There are 2 protein chains.
Amino acid sequence: MKDGPDIARVAALIGDPARANMLTALMTGQALTATELAAEAGVTPQTASSHLAQLEAGGLVRPRRQGRHKYVSLAGEEVAAVLEGLMGLAAGTGQLRTRVGPRDAALRTARVCYNHLAGEMGVWLYDALLEQGYLLAGAERPELTEAGAAFAGRFGVDLEALRGRRSPLCLDCLDWSMRRTHLAGSLGRALLARILEQGWARREAGSRAVLFSASGEAALREAVLRE
Amino acid sequence: MKDGPDIARVAALIGDPARANMLTALMTGQALTATELAAEAGVTPQTASSHLAQLEAGGLVRPRRQGRHKYVSLAGEEVAAVLEGLMGLAAGTGQLRTRVGPRDAALRTARVCYNHLAGEMGVWLYDALLEQGYLLAGAERPELTEAGAAFAGRFGVDLEALRGRRSPLCLDCLDWSMRRTHLAGSLGRALLARILEQGWARREAGSRAVLFSASGEAALREAVLRE
DNA sequence: TTCATGCTTCGACCATCACCGAAACATCCG
DNA sequence: CGGATGTTTCGGTGATGGTCGAAGCATGAA
């Protein structure tokens with residue numbers, strides 16, 4: 001039966017190890033050049049070029065030319081969410097590729113998921129926002145309450161600017177390590193940006209890890225939990 | 001470079017058209033037999049068997065043998081969520097195939113499966129017991145909770161008598177019209193017995209059909225959902 | 001301009017894997 | 001018991017697609 005949605009085509013794109021490595025590398029949210037991605041995937045630039053062409057045609061990544069460089073980033077949050085979901089499935093079947101180490105622990109604690117916060121801290125933040133009544137879950141997408149809008153203001157997020165964009169304000173994203181939902185969308189991205197701006201946490205170069213300082217973590221909890 | 005689980009393995013599983021068609025067919029939540037899935041995928045049973053073995057090894061589907069048939073269903077909600085996400089990524093979201101099950105409407109609605117309730121009502125009852133927290137699924141056999149025991153008492157079931165017997169209290173049984181799980185075991189039998197005793201439904205002579213009256217159906221829903 | 005760097009296209013090689021025929025195995029029915 | 005149906009294993013074939021070398025653009029620097 002040849003009909004049906006082209007789920008196979010998209011999945012086959014992700015299904016190649018070289019392309020999967022590229023996409024995983026792009027989960028940091030950074031835009032990488034074609035040669036950098038070739039190195040990540042462990043293939044020659046020729047091969048990487050072919051892969052990137054396919055990923056573009058499949059709508060998974062978005063290229064941006066700058067001079068003679070070609071910067072590539074994930075096409076959007078939906079792509080990141082699907083990749084995160086796939087990681088959850090892979091982790092669930094015990095097919096971890098990396099042996100557990102200190103770096104893994106850091107990733108589990110807090111990491112970047114495309115452009116928002118994931119890991120234990122991400123899940124905690126999501127749950128806390130729900131508990132404080134700032135966020136309403138249950139529907140197709142989470143919804144920000146009035147109290148939540150006020151909170152965002154206190155947090156230093158310019159909601160009006162975010163609402164003007166096309167991308168949705170709030171989105172659910174599934175965490176592969178926690179198997180729980182955390183907050184994506186432009187609000188999720190803005191919250192992470194503020195956390196970094198405040199110096200509560202910093203990003204490890206070339207990694208998805210987000211390193212909170214002890215005082216930074218306390219400050220975040222304080223900011224979210226205060227009534 | 002290599003952080004996170006190996007998504008290529010899982011994605012490659014979904015990436016084959018035949019397997020993708022199988023998974024898409026399973027998105028209804030129904031369990032399908034191996035030959036039915038072969039037809040869905042448009043391949044021979046031999047090929048389908050190979051695909052199913054891979055999907056099982058990858059943890060995407062869960063098999064269940066009943067007689068000489070092999071019923072296969074999705075391994076869990078996470079799998080369905082990922083498939084849903086992939087469908088969203090696919091540009092032209094295709095249509096879902098709708099399979100028509102049994103011919104007799106009455107049998108499909110409610111019937112006797114050996115000694116317990118099957119059909120739409122049977123599946124509804126099973127789901128409702130889960131949702132109310134009366135039943136715990138997921139293990140080898142469903143388990144009755146304390147609240148479930150209390151419910152059984154209110155329902156008029158003598159649990160002590162049932163527990164004395166050798167036959168298991170709770171058993172999963174696969175519905176041939178819904179292709180979903182419903183409750184068998186001595187408790188399943190006792191529940192059906194009480195339903196008939198209360199006059200909520202009656203059996204049609206010489207048939208497996210169980211005919212609920214409108215008030216009887218309402219009474220059953222009331223009894224299960226109250227609180 | 002000439003050279004260097006980054007990316008893409010072309011061509012060919014080759015491993016992987018889906019596919020099916022045949023046959024074995026398992027289960028149910030009469 | 002034998003016959004029918006559903007599922008699995010095995011062996012061999014064929015095709016899709018990843019891979020790289022070599023060469024062809026494109027951009028930036030000297």
Side-chain angles (χ1 to χ4, degrees), chain A residues 1-4 6-26 30-58 60-73, chain B residues 6-26 30-58 60-73 99 113-114 173-174 176 179 208:
Chain A
M1 218 165 273
K2 55 256 165 244
D3 58 308
D6 252 356
I7 159 179
R9 196 171 81 88
V10 183
L13 279 178
I14 314 175
D16 176 74
R19 288 192 293 263
N21 280 334
M22 292 180 173
L23 293 171
T24 302
L26 290 174
Q30 298 175 342
L32 299 175
T33 68
T35 27
E36 285 171 333
L37 286 171
E40 289 286 343
V43 295
T44 60
Q46 307 97 294
T47 305
S49 177
S50 164
H51 285 313
L52 287 175
Q54 295 178 62
L55 289 175
E56 290 173 31
L60 294 184
V61 301
R62 189 173 303 146
R64 200 181 70 201
R65 308 196 95 96
Q66 216 164 51
R68 51 183 167 182
H69 294 273
K70 177 184 191 174
Y71 285 92
V72 176
S73 52
Chain B
D6 184 10
I7 63 175
R9 225 186 157 90
V10 183
L13 279 179
I14 314 175
D16 176 75
R19 288 191 294 262
N21 280 333
M22 291 179 174
L23 293 170
T24 302
L26 290 174
Q30 297 178 338
L32 298 176
T33 67
T35 29
E36 285 171 333
L37 286 170
E40 288 288 343
V43 296
T44 60
Q46 307 96 294
T47 305
S49 177
S50 165
H51 283 313
L52 288 175
Q54 295 178 63
L55 289 175
E56 291 175 34
L60 294 184
V61 301
R62 188 165 301 155
R64 185 170 159 168
R65 294 190 166 75
Q66 192 151 309
R68 54 184 165 184
H69 295 272
K70 176 182 191 174
Y71 285 92
V72 176
S73 51
R99 290 193 128 273
C113 175
Y114 184 44
C173 185
L174 204 54
W176 61 262
R179 303 298 166 81
R208 297 176 58 185

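Because the structure is predicted, anything quoted here is derived from the model rather than measured. In the text below, chain A, chain B and the rest are named by the order of the sequence lines, each starting its count at 1.
- As judged by a 4.0 angstrom heavy-atom cut-off over every strand, A/T33 is placed among residues touching the sugar-phosphate backbone only.
- Residue B/A48 is the one, among B/A48 and A/G42, whose nearest nucleotide of DNA chain D lies closer to the 5' end (criterion: closest heavy atom).
- Nearest to the side chain of A/A34, among C/dC7, C/dT9, D/dT8, sits C/dC7.
- Judged by distance alone, the side chains of B/E36 and B/T33 do bring a donor and an acceptor atom under 3.5 Å apart.
- As a whole-Å value, the separation of B/R9 CZ from C/dC17 P is 10 Å.
- Closest to the B/R19 side chain, of the nucleotides C/dA18, D/dT19, C/dG21, is C/dA18.
- Whole-Å rounding puts the A/R65 CZ to D/dC25 P distance at 16 Å.
- At the heavy-atom level, B/T47 lies under 4.0 Å from base atoms of the strands shown.
- Of the candidate nucleotides C/dC7, D/dG18, C/dT8, D/dG18 has the atom nearest to the side chain of A/H51.
- Between B/Q46 atom CD and D/dT13 atom P there is a gap of 17 Å when expressed in whole angstrom units.
- Side chain of A/V43, nearest nucleotide from C/dA22, D/dT19, C/dT9: D/dT19.
- Distances shorter than 4.0 Å separate none of the side-chain N or O atoms of A/K70 from OP1 or OP2 on D/dA26.
- As judged by a 4.0 angstrom heavy-atom cut-off over every strand, B/A18 is placed among residues touching the sugar-phosphate backbone only.
- Side-chain atoms of A/R9 never come within 3.5 Å of backbone atoms of B/G15 as a donor-acceptor pair (strictly under, hydrogens ignored).
- Contact of B/R68 with D/dT7 (side chain to base): no donor-acceptor pair of N or O atoms is detected under 3.5 Å.
- Nucleic acid contact for B/Q54: sugar-phosphate only, since backbone atoms but no base atoms lie under 4.0 Å from a heavy atom of the residue.
- Remark on DNA chain D: of its neighbouring residues A/A12 and B/H69, the 5'-side contact belongs to B/H69, judged by nearest-heavy-atom nucleotide.
- For the residue pair B/S50/B/T47, the side-chain donor-acceptor check at 3.5 Å is not satisfied.
- Atom pair A/D16:CG and C/dT16:P shows a separation of 13 Å (rounding to whole Å applied).
- Counting only heavy atoms from C-beta on, A/T44 has its side chain closest to D/dC20 among C/dC20, D/dG18, D/dC20.
- A salt bridge links A/K70 with A/E56: at least one charged nitrogen is closer than 4.0 Å to a carboxylate oxygen.
- For B/L13 and C/dC17, the CG to C1' distance is 12 Å, given to the nearest whole Å.
- From B/L26, atom CG reaches atom CG of B/L37 across 5.0 Å, with rounding to the nearest 0.5 Å.
- Side-chain proximity of A/T35 to the nucleotides D/dT7, D/dT19, C/dC7 is greatest for C/dC7.
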